[in-house]
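Below is one structure, written out as structure tokens; the observations come after it.
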Amino acid sequence: MHARIHIRPILKVYSSYAFYLSTVEELAMEIRHLVGFIATAEELHFGRAAARLHMAQPALSQQIRQLEKELGVELFHRNTRSVALSEAGHALLGPARQVIVAVDMAKRAAVLGASEIVGRVVIGFAGASSRNVLPLLARAVRAEQPGIELVLQGQTYAGTALAEIVAGQVDIGFCRLPVMNPAIATRIFNYEKLVAALPSDHPLAAQETLNMSDLAAEPFVTFPGNRGSSVRDALVHEALNAGFTPRIMQEAPDSYTILSLVAAGVGVTITVSSVQHIDTPGLVYRQLSGNIPDLAAVLAWRRDNSSPAVQAVLDIAERVLPTPEKAARPNDS
């Protein structure tokens, strides 16, 4: 409660500049103080924070003291060995970051002019399957809409991405169907086949294609079960369809690590065809026979997101990542 009461002055500073500050110099000083606070909060070391900001440590310490005096709270607990955020410091960190983002957006708007779209778009993605498509989208956005800041948030698996989209933490997510939440719109940009990856000296590596049932006795390496990975879900689903429960021996956070573990002989895995560009020594890919459906890769976003910046990114994505001809669009908005 103490921190919430005393955090109001700093929010007032940035919600009503004209009333609270008398000069542009004062506004610039307040922003510098926030930048110094954020750097110190992230480093938890005045020397490293000062080096990061290319300033002298005494000057940074003075900035923090001035900010604390203005707010009437202690932002850091300091002793000779460590620096830690106080309760008030924790409360200030999130709003301070938002202020710096808002200031950056204002600068972009001023430089680019009123005709340009200015905004911040967070894109959530995970895995090697985004490797080819994400750079295409990012380059196109930078070229066509320089006023849009793209924030690329990795390790955002399909299940996690959907929850974060609904919560407003992610604007656009790389996901896979099915998406059951009616609040989320999707557009297909690719179809991926499930393939098996095995050590190159595995007895099954001699076969051109495999049945899922051929892998029933094998140990598996795959994504963590608590991350909402659609690839792991597909592995379990197809194994159960083949009459066995997969014996998952090890989990790893990304396709590169998983495939390295497979190459090392830890186990086998089921992955998607879009990661076959990963050419790891000691690893082979094999097609799966049978009636195994493709996975539809989609862009997902919240239907009621009215941000012009998000819409601009979606429009660019529709050109650079078009929907394949055979794809229907049942969930488009």
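Predicted model only: the values in this text are computed from it and were never measured.
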Below 3.5 Å, can you tabulate the donor-acceptor pairs from side chains in residues 207-214 to any protein atom, sequence neighbours excluded?
residue, atom, partner, partner atom, Å
Gln207, NE2, Thr209, O, 3.3
Asn211, OD1, Ser289, OG, 2.4
Asp214, OD2, Asn211, N, 2.8

Legend entry - Audit row: Ile184, Asn181, side chain to side chain contact (heavy atoms under 4.5 Å, CB included) steps and yes/no: CA-CA 6 Å; Ile184 295 179; Asn181 192 327; 4.3 Å; yes
Inset, instruction - Answer with yes or no whether the hydrophobic clustering places Phe244 together with Leu240; edges join I, L, V, M, F, W, Y residues whose side-chain heavy atoms lie under 4.5 Å apart. - result: no
Legend entry - Same cluster (ILVMFWY, side-chain, under 4.5 Å), Val236 and Met249: no
Legend entry - Residues that Thr40 engages under side-chain contact (heavy atoms from CB on, under 4.5 Å), provided they are two or more places apart: Phe46, Ala49, Leu60, Ile64, Phe76
Inset, instruction - Please name all residues satisfying side-chain contact (heavy atoms from CB on, under 4.5 Å) with Ile292, sequence neighbours left out, ordered by chain then number. - result: Leu194, Glu238, Leu288
Inset, instruction - Scan for salt bridge (charged side-chain N to carboxylate O under 4.0 Å, His left out) pairs involving residues 49-63, sequence neighbours excluded, and state none if there are none. - result: Glu42-Arg52, Glu43-Arg52
Inset, instruction - Would you list the pairs meeting salt bridge (charged side-chain N to carboxylate O under 4.0 Å, His left out) in which at least one residue belongs to residues 161-174, sequence neighbours left out? - result: none
Where is the tightest heavy-atom contact between [X] and [Y], given as atom of each residue plus distance?
X: Val275; Y: Tyr285; result: O-OH, 3.4 Å
X: Ile148; Y: Ala309; result: CD1-O, 3.7 Å
X: Ile165; Y: Gly173; result: CD1-N, 3.8 Å
X: Ala84; Y: Leu44; result: CA-CD2, 4.1 Å
X: Pro182; Y: Arg303; result: O-NE, 3.0 Å
X: Leu53; Y: Ala39; result: CD1-CB, 3.8 Å

By salt bridge (Lys or Arg N to Asp or Glu O under 4.0 Å) - contacts of [X] (at least two apart):
X: Arg286; value: none
X: Arg247; value: none
X: Arg142; value: none

For the residue pair [X] and [Y], establish whether any side-chain heavy-atom pair is separated by less than 4.5 Å.
X: Phe220; Y: Ile270; value: yes
X: Phe125; Y: Val133; value: no
X: Gln311; Y: Val313; value: no
X: Thr323; Y: Phe189; value: no
X: Val121; Y: Val151; value: no

If you measure from [atom1] on [X] to [atom2] on [Y], what distance do you get to the nearest 0.5 Å?
X: Asp294; Y: Leu177; atom1: CG; atom2: CG; value: 12.0 Å
X: Leu162; Y: Trp301; atom1: CG; atom2: CH2; value: 12.5 Å
X: Leu71; Y: Phe37; atom1: CG; atom2: CZ; value: 9.0 Å
X: Leu85; Y: Leu75; atom1: CG; atom2: CG; value: 8.0 Å
X: Leu295; Y: Asn190; atom1: CG; atom2: CG; value: 10.5 Å
X: His277; Y: Ser255; atom1: NE2; atom2: OG; value: 8.0 Å

Taking only residues two or more places apart in sequence or in another chain, which ones pass side-chain hydrogen bond (donor to acceptor under 3.5 Å, both in side chains) with [X]?
X: Asn79; answer: Ser82
X: Arg81; answer: none
X: His45; answer: none

Inset, instruction - Evaluate whether atom CG of Asp304 has more than 12 neighbouring non-hydrogen atoms of other residues, nucleotides or ligands under 6.0 angstrom away. - result: yes
Inset, instruction - Determine, step by step, whether Arg139 and Leu137 satisfy the side chain to side chain contact (heavy atoms under 4.5 Å, CB included) criterion, reporting the C-alpha distance in whole Å, the side-chain angles of both residues, the deciding distance to 0.1 Å, and the verdict. - result: CA-CA 6 Å; Arg139 284 196 296 268; Leu137 177 59; over 6 Å; no
Inset, instruction - Check the pair Arg97 / Ile38 against side chain to side chain contact (heavy atoms under 4.5 Å, CB included), numbers first and verdict last. - result: CA-CA 7 Å; Arg97 285 170 171 156; Ile38 292 169; 4.1 Å; yes
Inset, instruction - Please determine, by modelled atom types, if Asp233 and His237 share a side-chain donor-acceptor pair under 3.5 angstrom. - result: no
Please check if the side chain of [X] supplies one atom and the backbone of [Y] the other of a donor-acceptor pair under 3.5 Å.
X: Ser86; Y: Gly89; answer: yes
X: Arg176; Y: Val231; answer: no
X: Thr269; Y: Thr222; answer: no
X: Arg232; Y: Phe223; answer: yes

Legend entry - Of Gln62, Glu68, Gln66, the residue whose pairing with His33 passes side-chain hydrogen bond (donor to acceptor under 3.5 Å, both in side chains): Gln66
Legend entry - Worked verdict on Val272 versus Lys193 for side chain to side chain contact (heavy atoms under 4.5 Å, CB included): CA-CA 6 Å; Val272 285; Lys193 293 186 178 298; over 6 Å; no
Compile the donor-acceptor pairs under 3.5 Å between side chains in residues 196-206 and protein atoms, sequence neighbours left out, one pair per line.
residue, atom, partner, partner atom, Å
His202, ND1, Leu204, N, 3.0
His202, NE2, Glu218, OE1, 2.9
His202, NE2, Glu218, OE2, 3.3

